[in-house]
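As the structure is a computational prediction, the values presented were derived from the model and not from experiment. In what follows, chains are A, B, ... by sequence order, proteins preceding strands, each numbered from 1. Quick note: numbers below take in every heavy atom, side chains included, and nothing from hydrogens, waters or symmetry partners.
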Amino acid sequence: MHIFVHNFNRFNHSMEQVRVRFAPSPTGPLHIGGVRTALYNYLFAKKNKGTFILRIEDTDQSRYTEGAEEYIMDSLRWCGIIVDEGIREGGKFGPYRQSDKKAAFREFADTLINKGDAYYAFDTSEQLEALRRESEKAGNTFIYNFANRGKLNNSVSLKEADWKEKIERGEPYVIRYKMPHNEEIHFNDLIRGQIVVNTSTLDDKVLFKSDGMPTYHLAHIVDDHYMEISHVIRGEEWLPSLPLHLMIYRSFGWEPPLYAHLPLLLKPDGKGKLSKRDGDTMGFPVFPLFWPYGETAKGYREEGYYPDAFVNMLALLGWNPGTEQEIFSMQELIEAFSIERVGKSGSKFDPEKAKWFNHQYLQKKTNNQLSMEFREILRTHGKHEDIVDLESLIGMVKERVSFVKDIWAQTDFFFKTPETYDQEVIKKRWKEDSASLLLELKEELKKIDDFSAGSTEPVIKAWIEKKGYNTGAIMTVFRLVIVGASRGPHMFDIIGWIGKAETLNRIDRGVSIIGK
RNA sequence: GGUCCAUUCGUCUAGUGGUUAGGACGUCAGGUUUUCAUCCUGUUAACAGGGGUUCGAUUCCCCUAUGGACUACCA
């Protein structure tokens, strides 16, 4: 048996320029697992003063989705992940879209054939499908490799004249990698360490499809090599095919990059990896941005998440700095990031914690910033307020909310006189003398011209004390007629904001409706 | 079925051959707020199981279990 030890400690790698790529396939919106992969690549690149490349892997024409490329680029931009080389940015290693150089890939497939490391195969998908089913029925696993290739319809089993004639006739074929028999491949993953696989368990993967396009396995290797990628950081779903990739590198005689396979993001119910199909079924978005095509899906941006909060949350999902710091700016993430501190096991994520992150970031915004954002929401309710007024309002409720859109639910009563009054509160707190007390309070308020809290509060408190009234009894019913319920910020702040006329009006209205 | 990977509180995780196994989110309780929310304080809860190795294993090794990925002319 041959033992192939992939030389994973290339001496000069640390000296080389770090170049990493995020290479999604434009089959739809990018889900948060993909965003996280992009983020880790970006953090790793910037930490090492390297280059972050965006490459579009669109070798499957049947799954190509209009708008997906734009969506991917827009998502990264929203997240603050800056692409150094890519379709929009250009670069010396283009084209950055694989379909733009499909002819070139064919030459590499031919190179492998000429070396004897690949061969033509004429079996149809249907034939192979049938063979697989048959084997399964017999309790075996059908593998297209050394065990079977001699019996199948390909340039290994056929006479040269025969398979050449097939090709000349124009019979469709694929090009398969000729996986050797019984070799141990030793390789290293930056996150998982040493792994050993025997080539006999691997199959002769298709490298080049009958439609003239390479498969992922061929295309990404050629591109990674010519783009001088130093580190491949990708999802764990690729780990099983890494031995194949290393074998292809060996066949070409190229030095492979270093690999790090990231643990997967799991569905919150613990059943399988998160997928694009999970769109709206999880109770939280799985996409960064709204996806407007076909089956639409909501995004974190539209849900009101701040990109830096979203990125912070995602960064900590599967990686940690080893300290107790949890809030990181992008710059801090870059400085703190290291591949070694990426975890090994998949993680489900907690929507509650995501909300908490946004809460933290929202608290750091100024009242002015929040006012501008909230003003947009107010417009949808037909309200047009002055920014200055909104700033003081925001100041009252800011720390109660995690999202700007939640501010309305906290402040609706500032903008409209209550139409209903909480029955529970009436039952519990509305006493025989409540109406008369409120009317008395109204008379006291009438005397005050400056309605700011600093002005009204001491006067009213003094009045309550002088009269010997119960503060709680008065303030609760006062709140009831002003707010309509038992909630909200300080009463004196509220009436200061809505003003004297509205305050007096609400007392009258409340007393007349609740009665007695 | 086969191959590979993984397994610390409900969740994200720290950590070590000898620790009261730490933090965060959540939960619950108390305090503050005369309300609600926030906030503060406290509480809760974990090394999957079984064998080794060892004076001693959560930590190292093996097995089992469980979970996951892959097993397409998709990436």
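Between A:Tyr71 and A:Tyr293, the distance from one ring center to the other does not fall under 6.0 angstrom. Under the 6.0 Å cut-off for aromatic ring centres, A:Phe122 and A:Trp163 do not qualify, their centroids lying 6.0 Å or more apart. For A:Tyr361 and A:Tyr305, the gap between ring centers reaches or exceeds 6.0 Å. Between A:Trp497 and A:Phe415, the distance separating the two ring centers is shorter than 6.0 angstrom.
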Could you walk me through whether A:Phe284 and A:Phe349 satisfy the ring pair (Phe, Tyr, Trp, His ring centres under 6.0 Å) test, starting with their C-alpha distance in whole Å, then the side-chain angles of each, then the deciding distance to 0.1 Å, before giving a yes or no? CA-CA 10 Å; A:Phe284 58 85; A:Phe349 94 102; 4.7 Å; yes
When you look at A:Lys273 and A:Glu236, which way does the salt bridge (charged side-chain N to carboxylate O under 4.0 Å, His left out) test go after all the steps? CA-CA 10 Å; A:Lys273 68 168 173 174; A:Glu236 193 184 358; over 6 Å; no
After noting the C-alpha distance and the side-chain angles of A:Asp203 and A:Lys205, does the key distance pass the salt bridge (charged side-chain N to carboxylate O under 4.0 Å, His left out) rule? CA-CA 6 Å; A:Asp203 60 347; A:Lys205 277 272 179 282; 3.0 Å; yes
Checking salt bridge (charged side-chain N to carboxylate O under 4.0 Å, His left out) for the pair A:Lys428/A:Glu424: CA distance, chi angles, key distance, verdict? CA-CA 6 Å; A:Lys428 267 191 160 153; A:Glu424 281 298 305; 5.5 Å; no
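Between B:U8 and B:U3, the distance separating the two P atoms is 25 Å to the nearest Å. Using C1' as the reference atom, B:U53 and B:A75 are 45 Å apart when rounded to the nearest Å. Rounded to whole Å, the separation between the P atoms of B:C12 and B:C47 comes to 16 Å. Spacing of P atoms, B:C28 relative to B:A45, comes out at 15 Å, to the nearest Å.
B:U11 atom C1' lies 8 Å from atom NZ of A:Lys348, rounded to whole Å. With rounding to whole Å, A:Leu265 atom CG is found 16 Å from B:C5 atom C1'. Straight-line distance from the CG atom of A:Leu242 to the P atom of B:U3: 18 Å, rounded to whole Å. For A:Gln194 and B:C4, the CD to P distance is 14 Å, given to the nearest whole Å. Between the CG atom of A:Leu262 and the P atom of B:C5 there is a distance of 17 Å, rounded to whole Å. The CE atom of A:Met491 sits 13 Å away from the C1' atom of B:C36 (whole-angstrom rounding). Here the C1' atom of nucleotide B:U38 and the CG atom of A:Asp406 are 13 Å apart, to the nearest Å. Between the CE atom of A:Met396 and the C1' atom of B:U38 there is a distance of 15 Å, rounded to whole Å.
Within the 4.0 angstrom heavy-atom criterion, no nucleotide atom of any strand lies near A:Ile143. Residue A:Gly318 is in sugar-phosphate contact alone, with no base atom involved, counting any heavy-atom pair closer than 4.0 Å across all strands shown. Residue contacts shown for A:His220 are absent, as no nucleic acid heavy atom lies under 4.0 Å away.
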Write down the protein N/O and nucleotide N/O pairs, taken from nucleotides 64-66 of chain B, whose separation is under 3.5 Å; answer none if there are no such pairs.
none

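Proximity note for A:Ser347 (side chain, C-beta onward) versus B:C12, B:U38, B:C5: the nearest is B:C12. The side chain of A:Arg341 sits closest to B:G15 out of B:C12, B:A37, B:G15. When distances are taken from the side chain of A:Ser345 to each of B:A6, B:U11, B:C39, the shortest belongs to B:A6.
Counted within 6.0 Å of NZ on A:Lys355, heavy atoms from surrounding residues, nucleotides or ligands total 12 or fewer; the atom is thus considered open. Taking a 6.0 Å sphere around CD of A:Glu295, one finds it holds 12 or fewer heavy atoms contributed by other residues, nucleotides or ligands.
In terms of position on RNA chain B, the residue among A:Arg192 and A:Asn140 whose nearest nucleotide sits closer to the 5' end is A:Asn140.
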Does the protein touch nucleotides 69-75 of chain B at the base, only the backbone, or not at all? Give it as B, S and - per nucleotide, heavy atoms under 4.0 Å. SS-SBBB
5' to 3', nucleotides 22-33 of chain B under a 4.0 Å protein heavy-atom cut-off (B base, S sugar-phosphate only, - none) gives SSBB-------S
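The closest side-chain donor-acceptor pair between A:Arg21 and A:Asn41, if any, does not fall under 3.5 angstrom.
For the ring-ring contact (aromatic ring centres under 6.0 Å, His included) with A:Phe108, the qualifying choice from A:Phe208, A:Tyr226, A:Tyr177 is A:Tyr226, the only one to do so. Exactly one of A:Arg176, A:Lys178, A:Arg149 qualifies for a salt bridge (charged side-chain N to carboxylate O under 4.0 Å, His left out) with A:Asp204. That residue is A:Arg149.
Nucleotide B:A69: paired with B:U3 (Watson-Crick or G-U wobble, both distances less than 3.5 Å).
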